[in-house]
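Chain identifiers are assigned alphabetically (A, B, ...) following the order of the sequence lines, protein sequences preceding nucleic acid strands; residue numbering begins at 1 within each chain. Being a predicted model, the structure only gives us computed values, none of them experimental.
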Amino acid sequence: MNNFLAALSGILLSIMITLNGFLTNQYDSYTASVIIHMVGLLSIVIMLIVTKSKIKLQKGTPIIAYSAGALGVITIIFTNLSFTQLGVSIPLALGLFGQSVSSIVIDHFGLLGMRKDKFDMKKIIGLLLIISGIIIMMVL
Amino acid sequence: MFYVIISIISGVTIVLARIINSNLGKKIGNMQGTFINYITGVVTSGIFLIIFRNQINFPGNPLQITQLWIFFGGFVGVLCMVIANYITPRMSSLYLTLLVFIGQLFTGLLVDYFTMHELSVGKFIGGLLVFAGFAYNSIVDKKKKEATE
């Protein structure tokens, strides 16, 4: 079930990127980013109202806990910048590389409250397959 | 080289944002966390817009644009985030990364194939290898789990 949801969110992401790409062509990447976030904000507000959810902020929550939205904007701008210079495939492959390496480190040490999942040397074969996939995406 | 580095960093920020936001979701609720994320996102992207463009280019009234569907990306993004908040604490960060990537890549290939009638061989083979790596390591995990049980 979890695996299915993960793949489903990848499918949705692909649709989102296609739609946002059209929007960025109509405007520019900075204006598009504002529009995308406004539409998103409107959608989540409607979802909160429909489900009659309440928002309670807890005191003493560190500011970093609220930083994900800002990180998301940085992601969008960095990818837009590199797409204009490197095309589609290379940023995609390099982005997967960055995601994989940071994920392995986070899993191994159990950082940011994630469950600790030490890297097993038997998994080096799978990792080599992944890395070769990343390289082939960049060169072929 | 600069663009190579920011491409890799954008991968790191995706993972960090996903975990930080799911932690917030655990504290204040999934949709509430998503709401906060979009508030921060609107403010940050507004600041970037002011700094880097200092003008807003609206080609006419957005509501008069006939392709209204291009505005739905933001809504789809919210769905992705609600799913991500739910699933992030429930599986290894690497497997989540790989599965999302595989779903994204092969959908992208299908879209390209049906809209532009082209198939990127490199992305197809690369994607298959990434999937093979994921499958292999999942089997290693499964065997280890069975051995300990």
Side-chain angles (χ1 to χ4, degrees), chain A residues 2 5-7 9-16 19-20 22-23 30 33-34 36-37 39-41 43-44 47-48 53 55 65-66 68-75 78-79 82 85-86 91 94-96 98-99 102-104 106-107 112-113 117 122-123 125-126 129-130 132-133 136-137 140, chain B residues 3 6-8 10-15 17 19-21 23-24 31-32 34-35 37-38 40-42 44-46 48-49 52-53 70-80 83 87 90-94 96-97 99-101 103-104 107-108 122-123 125-126 129-130 132-133 136-137 140:
Chain A
N2 286 348
L5 280 176
S9 85
I11 293 170
L12 289 173
L13 266 181
S14 177
I15 296 168
M16 180 193 87
L19 293 174
N20 291 351
F22 283 116
L23 196 69
Y30 297 106
S33 177
V34 172
I36 291 161
H37 283 91
V39 173
L41 186 60
S43 315
I44 189 67
M47 284 159 78
L48 284 167
S53 309
I55 296 179
Y66 300 109
L71 281 173
V73 176
I74 292 171
T75 308
F78 277 8
T79 31
S82 39
Q85 295 296 319
L86 304 175
L94 290 173
L96 176 64
Q99 286 189 60
S102 49
S103 291
I104 290 168
I106 288 166
D107 285 339
L112 295 165
D117 186 3
K122 277 184 202 151
K123 290 196 206 163
I125 296 174
L129 283 168
I130 293 162
S132 55
I136 283 180
M137 274 185 263
L140 261 190
Chain B
Y3 293 100
I6 62 169
S7 289
I8 296 173
S10 75
V12 177
T13 52
I14 286 175
V15 172
I19 297 175
I20 291 172
N21 207 50
N23 284 339
L24 183 65
M31 285 196 281
Q32 288 83 343
T34 307
F35 171 74
N37 180 81
Y38 274 86
T40 323
V42 167
T44 319
S45 52
F48 276 112
L49 178 69
F52 292 111
R53 277 199 67 83
I70 65 170
F71 288 93
F72 278 90
F75 169 69
V76 181
V78 168
L79 295 182
C80 290
I83 296 176
I87 208 164
R90 286 172 173 80
M91 63 193 294
S92 115
S93 182
L94 180 63
L96 179 54
T97 291
L99 280 169
V100 169
F101 181 82
Q104 186 187 333
T107 313
K123 278 197 256 178
I125 298 173
L129 282 167
V130 171
Y136 181 87
N137 282 2
V140 171

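Using a 4.5 Å cut-off between heavy atoms, A/Asn2 contacts chain B through both its backbone and its side chain. Of the atoms belonging to B/Val100, heavy atoms from both backbone and side chain fall under 4.5 Å from chain A. With a 4.5 Å cut-off on non-hydrogen atoms, B/Val12 touches chain A through its backbone and its side chain both. For a residue to count as touching a neighbouring chain, one of its non-hydrogen atoms must lie under 4.5 Å from one of that chain's; by this rule B/Phe72 touches chain A with backbone and side chain alike. Using a 4.5 Å cut-off between heavy atoms, A/Leu41 touches chain B through backbone and side chain atoms alike. Contacts between B/Asn23 and chain A at a heavy-atom distance below 4.5 Å involve the side chain alone, from C-beta outward. B/Ile19 touches chain A through its side chain: at least one heavy atom from C-beta onward sits under 4.5 Å away, while N, CA, C and O do not. Only the side chain of B/Tyr136 comes within less than 4.5 Å of a heavy atom of chain A; its backbone N, CA, C and O stay farther away. Only the side chain of A/Leu86 comes within contact range of chain B, with at least one heavy atom under 4.5 Å from a heavy atom of that chain. In this structure, the portion of B/Ile83 lying under 4.5 Å from any heavy atom of chain A is its side chain and not its backbone.
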- Query: Given the rule in the side chain to side chain contact (heavy atoms under 4.5 Å, CB included) test, do A/Val73 and A/His37 qualify, once you have shown the distances and angles that lead to the verdict?
  - Reply: CA-CA 9 Å; A/Val73 176; A/His37 283 91; 3.8 Å; yes
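Atom CE in A/Met47 sits 5.5 Å away from atom CE in B/Met31 (nearest 0.5 Å). We find the OG-CZ distance between A/Ser14 and B/Phe101 to be 11.0 Å, quoted to the nearest 0.5 Å. Interatomic distance, B/Phe35 CZ to B/Thr40 OG1, rounded to the nearest 0.5 Å: 9.5 Å. Note that the SG atom of B/Cys80 and the CD atom of B/Gln104 stand 9.0 Å from one another [nearest 0.5 Å]. From A/Gln99, atom CD reaches atom CG of A/Leu94 across 11.5 Å, with rounding to the nearest 0.5 Å.
For the set B/Gly77, B/Gly108, B/Ser92, the count of heavy-atom pairs under 4.5 angstrom toward chain A peaks at B/Ser92. When each of A/Gly113, A/Ala68, A/Ser33 is scored by its heavy-atom pairs under 4.5 Å with chain B, the top score falls to A/Ala68. Interface check for chain B: of the options A/Thr79, A/Ile104, A/Ile15, A/Leu48, the most heavy-atom pairs under 4.5 Å are formed by A/Leu48. In terms of heavy-atom pairs under 4.5 angstrom with chain B, the leader among A/Leu13, A/Leu96, A/Ile36 is A/Leu96. With chain B as the partner, the residue from A/Asp107, A/Leu71, A/Ile136, A/Val39 showing the most heavy-atom pairs under 4.5 Å is A/Asp107. The candidate from A/Ile74, A/Asp117, A/Val34 with the greatest count of non-hydrogen atom pairs under 4.5 Å with chain B is A/Val34. Put simply, of B/Ile125, B/Asn137, B/Thr44, B/Val140, the one with the most heavy-atom pairs under 4.5 Å next to chain A is B/Asn137. Most heavy-atom pairs under 4.5 Å with chain A, from the set B/Val130, B/Leu79, B/Leu94: that is B/Leu94. Counting heavy-atom pairs under 4.5 Å between each of B/Leu99, B/Thr34, B/Leu96 and chain A puts B/Leu99 at the top. Taking A/Ala70, A/Ser53, A/Ala7, A/Ser9 one by one and counting their heavy-atom pairs under 4.5 Å with chain B, the maximum is reached by A/Ala70.
Taking every heavy atom of both residues into account, A/Met16 and B/Gly73 meet most closely at CG-O, 3.4 Å. Contact record, B/Ser7 with B/Ser10: O-OG, 2.7 Å, taken as the closest heavy-atom pair. A/Ser132 and B/Leu129 get closest at one heavy-atom pair: OG-CD1, 3.9 Å.
For the residue pair B/Thr13 and A/Thr75, a side-chain donor N or O sits within less than 3.5 Å of a side-chain acceptor on the partner. Checking B/Ser93 against A/Ser103 by side-chain atom types alone, a donor-acceptor pair falls below 3.5 Å.
Ring pair A/Tyr30/B/Phe48 is parallel by interplanar angle, where below 30° counts as parallel and above 60° as perpendicular.
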